[in-house]
Amino acid sequence: MQEETARSAIDTFISAFNASHDVYVTALLSQALTSDVVFWGPLGRSEGIAAVERFVLDIRRHPAGTGTMVRCSAVDMPDEWARYQWVFTTPDGGPRLAGTDVVHLRRSLIDQVIVFAGEIEPSAS
């Protein structure tokens with residue numbers, strides 16, 4: 001049951017990237033995130049839904065065109081932490097970015113997001 005709740009919050013968060021119009025982004029994020037969400041993104045740490053909204057809107061306005069964000073793995077959830085993999089693809093074979101997010105849930109909403117963008121290279125052993 002807990003994993004299903006996490007999956008729902010994660011999928012709602014991801015749907016904000018794919019909203020049919022920018023005006024729907026805030027409502028979708030509000031359904032998935034706590035108001036005091038802490039977001040660790042590629043540009044550092046920020047707090048609050050407005051900060052996450054700015055990040056999502058920036059991604060939606062990618063210079064190569066409006067892309068699509070999808071969750072491309074199952075949700076792995078040990079206790080209140082969950083992780084999943086995602087892929088962002090721009091139209092017409094444009095840039096593609098993949099990564100892994102780690103999220104913390106509080107009362108069925110995401111209160112922390114840690115974004116790991118890009119592939120992890122194998123270690124040189």
*With the 4.5 Å side-chain cut-off for hydrophobic clustering, are I10 and V113 part of the same group?*
yes

_Q85 side chain to A98 backbone, donor-acceptor under 3.5 Å_ = no

*Check whether more than 12 heavy atoms from other residues, nucleotides or ligands sit under 6.0 Å from atom CZ of R83, and answer yes or no.*
no

*Could you tell me which non-hydrogen atom of R96 sits nearest to which non-hydrogen atom of T89, and how far apart they are?*
CG-OG1, 3.9 Å

*Do F13 and V38 share a hydrophobic cluster, counting only Ile, Leu, Val, Met, Phe, Trp and Tyr and linking them when any side-chain heavy atoms are less than 4.5 Å apart?*
no

_As an exercise, state the distance from CZ of R60 to CD of E53, rounded to the nearest 0.5 Å._
10.0 Å

*Over all heavy atoms of both residues, which pair between A6 and V75 is shortest? Give the atoms and the distance, please.*
CB-CG1, 4.3 Å

*asked:* Test of understanding: clusters of I, L, V, M, F, W, Y form through side-chain heavy atoms closer than 4.5 Å, transitively. Do I59 and W86 belong to the same one?
replied: yes

_Under the ring-ring contact (aromatic ring centres under 6.0 Å, His included) test, residues paired with Y84 that sit two or more places apart_ = none

_Looking at every heavy atom in both S15 and L28, which two are closest together, and how far apart are they?_
OG-CD2, 3.6 Å

*Can you check whether S8's main-chain N or O pairs, donor with acceptor, with T12's side chain at less than 3.5 Å?*
yes

_V52-I49 co-clustered via ILVMFWY side chain contacts under 4.5 Å_ = yes

*With rounding to the nearest 0.5 Å, note down the distance linking CD in Q2 to CD in E80.*
7.5 Å

*Looking only at non-hydrogen atoms, find the nearest pair between V56 and A16 and report the distance.*
CG1-O, 3.7 Å

*Using a cut-off of 6.0 Å, state whether more than 12 heavy atoms not belonging to R107 lie near its atom CZ.*
no

*asked:* Quick check: closest heavy atoms across E47 and A51, and the distance to 0.1 Å?
replied: O-CB, 3.4 Å

*How far does OG of S108 sit from CD of Q31, to the nearest 0.5 angstrom?*
13.5 Å

*Starting from the C-alpha separation in whole Å, work towards a yes-or-no answer on side chain to side chain contact (heavy atoms under 4.5 Å, CB included) for F17 and T68.*
CA-CA 7 Å; F17 291 89; T68 303; over 6 Å; no

_Nearest 0.5 Å, please: how far is OG1 in T66 from CG in N18?_
10.0 Å

*Might you point out which heavy atoms bring L105 and A82 nearest each other, and give the distance in Å?*
CD1-CB, 4.4 Å

*is_close_aromatic(F39, F55), centroid dist under 6.0 Å*: yes

*asked:* I want to check something: taking the side chain as every heavy atom from C-beta on, are D22 and R61 in contact at a cut-off of under 4.5 Å?
replied: yes

*Please identify each residue that fulfils side-chain hydrogen bond (donor to acceptor under 3.5 Å, both in side chains) with T34, with sequence neighbours left out.*
D36

_Among residues at least two apart in sequence or on other chains, which ones pass ring-ring contact (aromatic ring centres under 6.0 Å, His included) with W40?_
none

*May I ask you to decide whether D101 forms a salt bridge with R71, counting only side-chain N to carboxylate O separations under 4.0 Å?*
no

*asked:* Side-chain heavy atoms nearer than 4.5 Å, only ILVMFWY residues, links allowed to pass through others: does that put V103 and V87 together?
replied: no

